[in-house]
Amino acid sequence: MTTVKACLFDLDGVIVDTAVYHFQAWRRLANELGFDFTEHQNEQLKGISRMESLELILNWGGVTLTEEEKVAWATKKNQWYLDLVMQMTPNEVLPGVPEFLKSLRANGIKIALGSASKNSKLILERIQMLDYFDAIIDGNNITKGKPDPQVFLMGAEATGAQPSECVVFEDAVAGVQAAKAGGMKAVGVGSADILTEADIVIATFEDFSVEKLAHLNRN
Ligand code: BG6
Ligand code: MG
(Lines give C-alpha, C1' and ligand atoms only; values in the text may rest on other atoms or scores of the structure.)
(Ligands and ions follow the chains in the order given, each with its own letter.)
Protein backbone atom coordinates (compact mmCIF):
# COMPACT_ATOMS: atom_id res chain seq x y z
CA MET A 1 0.00 0.00 0.00
CA THR A 2 1.29 3.44 -0.94
CA THR A 3 1.04 5.99 1.85
CA VAL A 4 -0.78 9.21 0.98
CA LYS A 5 1.68 12.06 1.51
CA ALA A 6 -0.20 14.91 -0.15
CA CYS A 7 -3.73 15.92 -1.07
CA LEU A 8 -4.10 18.29 -4.01
CA PHE A 9 -7.27 20.35 -4.22
CA ASP A 10 -8.92 22.11 -7.09
CA LEU A 11 -10.45 25.40 -5.89
CA ASP A 12 -13.57 26.32 -7.87
CA GLY A 13 -16.34 23.85 -7.07
CA VAL A 14 -14.24 21.89 -4.55
CA ILE A 15 -13.21 24.29 -1.77
CA VAL A 16 -15.88 26.86 -2.56
CA ASP A 17 -18.75 27.06 -5.03
CA THR A 18 -17.35 29.78 -7.27
CA ALA A 19 -18.42 27.58 -10.21
CA VAL A 20 -21.87 29.22 -9.97
CA TYR A 21 -20.30 32.70 -10.18
CA HIS A 22 -18.21 31.70 -13.22
CA PHE A 23 -21.42 30.44 -14.84
CA GLN A 24 -23.31 33.67 -14.08
CA ALA A 25 -20.51 35.86 -15.45
CA TRP A 26 -20.01 33.78 -18.62
CA ARG A 27 -23.76 33.72 -19.20
CA ARG A 28 -23.89 37.50 -18.94
CA LEU A 29 -21.13 37.70 -21.57
CA ALA A 30 -23.00 35.32 -23.89
CA ASN A 31 -26.27 37.22 -23.37
CA GLU A 32 -24.60 40.55 -24.16
CA LEU A 33 -23.27 38.97 -27.37
CA GLY A 34 -26.82 37.86 -28.23
CA PHE A 35 -26.98 34.16 -27.31
CA ASP A 36 -27.30 31.82 -24.34
CA PHE A 37 -25.89 28.47 -23.18
CA THR A 38 -27.04 25.80 -20.77
CA GLU A 39 -25.85 24.52 -17.41
CA HIS A 40 -25.08 21.27 -19.20
CA GLN A 41 -22.72 23.07 -21.62
CA ASN A 42 -21.22 24.84 -18.60
CA GLU A 43 -19.83 21.50 -17.37
CA GLN A 44 -17.32 21.70 -20.24
CA LEU A 45 -16.00 25.03 -18.90
CA LYS A 46 -15.10 23.65 -15.48
CA GLY A 47 -11.36 23.39 -14.94
CA ILE A 48 -10.62 25.14 -18.25
CA SER A 49 -8.67 28.43 -18.40
CA ARG A 50 -10.37 31.77 -18.92
CA MET A 51 -9.31 32.19 -22.56
CA GLU A 52 -10.09 28.56 -23.47
CA SER A 53 -13.53 28.96 -21.90
CA LEU A 54 -14.12 32.10 -23.96
CA GLU A 55 -13.18 30.24 -27.16
CA LEU A 56 -15.68 27.45 -26.40
CA ILE A 57 -18.47 29.90 -25.58
CA LEU A 58 -17.91 32.01 -28.71
CA ASN A 59 -17.98 28.80 -30.71
CA TRP A 60 -21.35 27.82 -29.17
CA GLY A 61 -22.77 31.23 -30.10
CA GLY A 62 -21.18 31.23 -33.57
CA VAL A 63 -19.53 34.57 -32.73
CA THR A 64 -16.19 35.58 -34.26
CA LEU A 65 -14.05 38.24 -32.53
CA THR A 66 -10.59 39.68 -33.09
CA GLU A 67 -7.85 38.81 -30.55
CA GLU A 68 -8.17 42.32 -29.10
CA GLU A 69 -11.93 41.96 -28.69
CA LYS A 70 -11.46 38.56 -27.04
CA VAL A 71 -9.11 40.04 -24.44
CA ALA A 72 -11.57 42.91 -23.81
CA TRP A 73 -14.52 40.51 -23.28
CA ALA A 74 -12.46 38.17 -21.06
CA THR A 75 -11.47 41.19 -18.95
CA LYS A 76 -15.14 42.24 -18.66
CA LYS A 77 -16.15 38.71 -17.65
CA ASN A 78 -13.44 38.64 -15.00
CA GLN A 79 -14.62 41.97 -13.60
CA TRP A 80 -18.23 40.70 -13.33
CA TYR A 81 -16.91 37.52 -11.73
CA LEU A 82 -14.78 39.46 -9.23
CA ASP A 83 -17.75 41.67 -8.32
CA LEU A 84 -19.49 38.44 -7.22
CA VAL A 85 -16.34 37.05 -5.54
CA MET A 86 -15.86 40.22 -3.50
CA GLN A 87 -19.26 39.63 -1.89
CA MET A 88 -18.25 36.14 -0.74
CA THR A 89 -17.82 35.30 2.95
CA PRO A 90 -16.09 32.42 4.80
CA ASN A 91 -19.60 30.91 5.14
CA GLU A 92 -19.38 29.87 1.49
CA VAL A 93 -16.60 27.34 2.09
CA LEU A 94 -18.18 24.02 1.12
CA PRO A 95 -19.43 21.72 3.93
CA GLY A 96 -16.79 19.59 5.65
CA VAL A 97 -13.82 21.23 3.88
CA PRO A 98 -12.17 22.98 6.88
CA GLU A 99 -12.63 19.88 9.06
CA PHE A 100 -11.10 17.59 6.41
CA LEU A 101 -8.12 19.91 5.83
CA LYS A 102 -7.51 20.14 9.59
CA SER A 103 -7.54 16.35 9.90
CA LEU A 104 -5.05 16.07 7.00
CA ARG A 105 -2.73 18.46 8.77
CA ALA A 106 -3.13 16.57 12.06
CA ASN A 107 -2.08 13.39 10.21
CA GLY A 108 1.00 15.02 8.64
CA ILE A 109 -0.43 14.98 5.10
CA LYS A 110 0.60 17.96 2.96
CA ILE A 111 -2.04 20.16 1.32
CA ALA A 112 -1.67 21.90 -2.05
CA LEU A 113 -3.96 23.86 -4.33
CA GLY A 114 -4.00 22.91 -8.02
CA SER A 115 -6.25 25.39 -9.80
CA ALA A 116 -6.53 26.87 -13.30
CA SER A 117 -7.67 30.16 -11.78
CA LYS A 118 -5.58 33.31 -11.77
CA ASN A 119 -7.78 34.59 -8.93
CA SER A 120 -7.09 31.75 -6.50
CA LYS A 121 -5.14 33.65 -3.81
CA LEU A 122 -7.70 36.44 -3.79
CA ILE A 123 -10.51 33.91 -3.31
CA LEU A 124 -8.65 31.98 -0.59
CA GLU A 125 -8.03 35.25 1.25
CA ARG A 126 -11.68 36.24 0.90
CA ILE A 127 -12.88 32.95 2.44
CA GLN A 128 -10.01 32.93 4.99
CA MET A 129 -8.54 29.63 3.77
CA LEU A 130 -5.09 30.76 2.61
CA ASP A 131 -3.31 29.45 5.73
CA TYR A 132 -4.46 25.86 5.17
CA PHE A 133 -2.23 25.35 2.11
CA ASP A 134 1.43 24.28 2.10
CA ALA A 135 1.69 25.13 -1.62
CA ILE A 136 -0.42 26.99 -4.15
CA ILE A 137 -0.13 26.22 -7.86
CA ASP A 138 -2.59 28.11 -10.02
CA GLY A 139 -3.23 29.72 -13.40
CA ASN A 140 -0.35 32.12 -12.80
CA ASN A 141 2.20 29.27 -12.59
CA ILE A 142 1.22 26.89 -15.37
CA THR A 143 1.79 26.79 -19.12
CA LYS A 144 -0.53 23.86 -19.85
CA GLY A 145 -4.12 23.66 -18.58
CA LYS A 146 -6.12 20.65 -17.39
CA PRO A 147 -6.51 17.89 -18.67
CA ASP A 148 -2.70 18.21 -18.87
CA PRO A 149 -1.33 17.02 -15.49
CA GLN A 150 1.16 19.92 -15.14
CA VAL A 151 -0.69 21.76 -12.34
CA PHE A 152 -0.88 18.62 -10.17
CA LEU A 153 2.68 17.45 -10.96
CA MET A 154 3.90 20.87 -9.81
CA GLY A 155 1.75 20.51 -6.67
CA ALA A 156 3.26 17.09 -5.95
CA GLU A 157 6.76 18.45 -6.38
CA ALA A 158 6.08 21.46 -4.16
CA THR A 159 4.97 19.16 -1.34
CA GLY A 160 7.83 16.69 -1.82
CA ALA A 161 5.47 13.81 -2.72
CA GLN A 162 5.60 11.36 -5.61
CA PRO A 163 2.53 11.38 -7.90
CA SER A 164 1.62 7.88 -6.63
CA GLU A 165 1.51 9.33 -3.09
CA CYS A 166 -0.98 12.05 -4.07
CA VAL A 167 -4.76 12.18 -4.09
CA VAL A 168 -6.49 14.87 -6.14
CA PHE A 169 -9.95 16.32 -5.35
CA GLU A 170 -11.74 17.64 -8.43
CA ASP A 171 -15.21 18.69 -9.60
CA ALA A 172 -14.29 18.94 -13.30
CA VAL A 173 -14.01 16.19 -15.91
CA ALA A 174 -10.82 17.86 -17.24
CA GLY A 175 -9.41 17.95 -13.70
CA VAL A 176 -10.06 14.26 -13.04
CA GLN A 177 -8.38 13.49 -16.38
CA ALA A 178 -5.38 15.66 -15.36
CA ALA A 179 -5.01 13.74 -12.07
CA LYS A 180 -5.18 10.36 -13.79
CA ALA A 181 -2.73 11.49 -16.51
CA GLY A 182 -0.34 12.46 -13.70
CA GLY A 183 -0.53 8.99 -12.14
CA MET A 184 -2.56 10.11 -9.12
CA LYS A 185 -5.75 8.92 -7.46
CA ALA A 186 -8.75 11.14 -8.19
CA VAL A 187 -11.68 11.79 -5.90
CA GLY A 188 -14.52 13.38 -7.84
CA VAL A 189 -16.55 15.97 -5.95
CA GLY A 190 -20.05 16.12 -7.41
CA SER A 191 -22.02 13.71 -9.56
CA ALA A 192 -20.88 10.16 -10.38
CA ASP A 193 -22.78 10.44 -13.69
CA ILE A 194 -20.46 13.22 -14.82
CA LEU A 195 -17.16 12.31 -13.11
CA THR A 196 -17.02 8.79 -14.53
CA GLU A 197 -13.20 8.59 -14.65
CA ALA A 198 -12.69 9.33 -10.93
CA ASP A 199 -11.63 6.51 -8.57
CA ILE A 200 -14.54 7.43 -6.31
CA VAL A 201 -17.05 10.28 -6.25
CA ILE A 202 -18.25 12.07 -3.13
CA ALA A 203 -21.16 14.50 -2.99
CA THR A 204 -19.56 16.51 -0.19
CA PHE A 205 -16.53 16.36 2.13
CA GLU A 206 -18.93 15.45 4.93
CA ASP A 207 -18.94 11.99 3.28
CA PHE A 208 -15.14 11.69 3.43
CA SER A 209 -12.36 11.23 6.02
CA VAL A 210 -8.63 10.58 6.37
CA GLU A 211 -9.46 6.92 7.07
CA LYS A 212 -11.23 6.61 3.68
CA LEU A 213 -8.21 8.22 2.04
CA ALA A 214 -5.93 5.40 3.20
CA HIS A 215 -8.41 2.85 1.90
CA LEU A 216 -8.64 4.56 -1.50
CA ASN A 217 -4.91 4.33 -2.09
CA ARG A 218 -4.66 0.61 -1.24
CA ASN A 219 -3.38 -0.97 -4.42
C1 BG6 B 1 -11.10 27.04 -12.97
C2 BG6 B 1 -12.58 27.08 -13.22
O3 BG6 B 1 -10.87 26.68 -11.64
O4 BG6 B 1 -10.50 28.29 -13.22
C5 BG6 B 1 -12.87 27.60 -14.63
O6 BG6 B 1 -13.13 25.79 -13.07
C7 BG6 B 1 -12.17 28.94 -14.82
O8 BG6 B 1 -14.26 27.72 -14.78
C9 BG6 B 1 -10.69 28.80 -14.55
O10 BG6 B 1 -12.37 29.40 -16.15
C11 BG6 B 1 -9.92 30.11 -14.69
O12 BG6 B 1 -10.34 30.99 -13.68
P13 BG6 B 1 -10.01 32.52 -13.60
O14 BG6 B 1 -10.43 32.88 -12.19
O15 BG6 B 1 -8.55 32.69 -13.81
O16 BG6 B 1 -10.81 33.20 -14.65
MG1 MG C 1 -13.25 23.11 -10.29
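Order of appearance sets the numbers: ligands from 1, and atoms from 1 within every ligand.
Counting heavy-atom neighbours within 6.0 Å of K110 NZ, excluding the residue itself, gives a total of 12 or less. At most 12 heavy atoms of other shown residues, nucleotides or ligands fall within 6.0 angstrom of atom CD in E157.
Taking every non-hydrogen atom of G47 and a distance limit under 4.0 Å, the qualifying atoms of ligand 1 come out as 2 (C), 5 (C), 6 (O). Atom numbering of ligand 1 starts at 1 in the shown order; those under 4.0 Å from a heavy atom of S53 are 10 (O). Within ligand 1, the atoms closer than 4.0 Å to a non-hydrogen atom of K46 are 6 (O), numbered from 1 in the order shown. Those atoms of ligand 1 that come under 4.0 Å of a heavy atom in L45, given as number and element, are 5 (C), 8 (O). Interface atoms of ligand 1 facing K118, defined by a heavy-atom separation under 4.0 Å, are 13 (P), 14 (O), 15 (O).
Of all protein heavy atoms, the one closest to atom 1 (C) of ligand 1 is D12 OD2, 3.3 Å. In terms of protein heavy atoms, atom 16 (O) of ligand 1 is closest to R50 NE, 2.8 Å. Scanning the protein heavy atoms around atom 9 (C) of ligand 1, the nearest turns out to be I48 O, 3.2 Å.
The pair K70-E67 counts as a salt bridge, with a side-chain nitrogen and a carboxylate oxygen less than 4.0 angstrom apart.
Residues I15 and L82 are members of one and the same hydrophobic cluster, defined by side-chain heavy-atom contacts under 4.5 angstrom among Ile, Leu, Val, Met, Phe, Trp and Tyr.
Between the side chain of E55 and the backbone N or O of M51, no donor-acceptor pair lies under 3.5 Å. Although no hydrogens or angles enter the test, the distance criterion places a donor-acceptor pair under 3.5 Å between the side chain of Q150 and the main chain of K144.
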Verdict with supporting geometry, F9 and Y132, ring pair (Phe, Tyr, Trp, His ring centres under 6.0 Å): CA-CA 11 Å; F9 293 85; Y132 283 83; 9.9 Å; no
Worked verdict on H22 versus K46 for side chain to side chain donor-acceptor pair (under 3.5 Å): CA-CA 9 Å; H22 277 297; K46 291 185 178 174; over 6 Å; no
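Nearest to the Mg ion (ligand 2), among the N, O or S atoms that D171 has, is OD1.
At the Mg ion (ligand 2), the angle from OD2 in D10 to O in D12 is 90° when rounded to 10°.
For the pair N119 and ligand 1, the shortest N or O to N or O distance falls below 3.5 Å.
Proximity of S117 to ligand 1, defined as any heavy-atom pair under 4.0 Å, is shared by backbone and side chain alike. Residue contacts with ligand 1 for L11 are absent, since no atom lies close enough (heavy atoms, distance under 4.0 Å). Neither the backbone nor the side chain of T18 comes within 4.0 Å of ligand 1, counting heavy atoms alone.
Taking 4.5 Å as the limit, some side-chain heavy atom of C7 sits within range of a side-chain heavy atom of F169.
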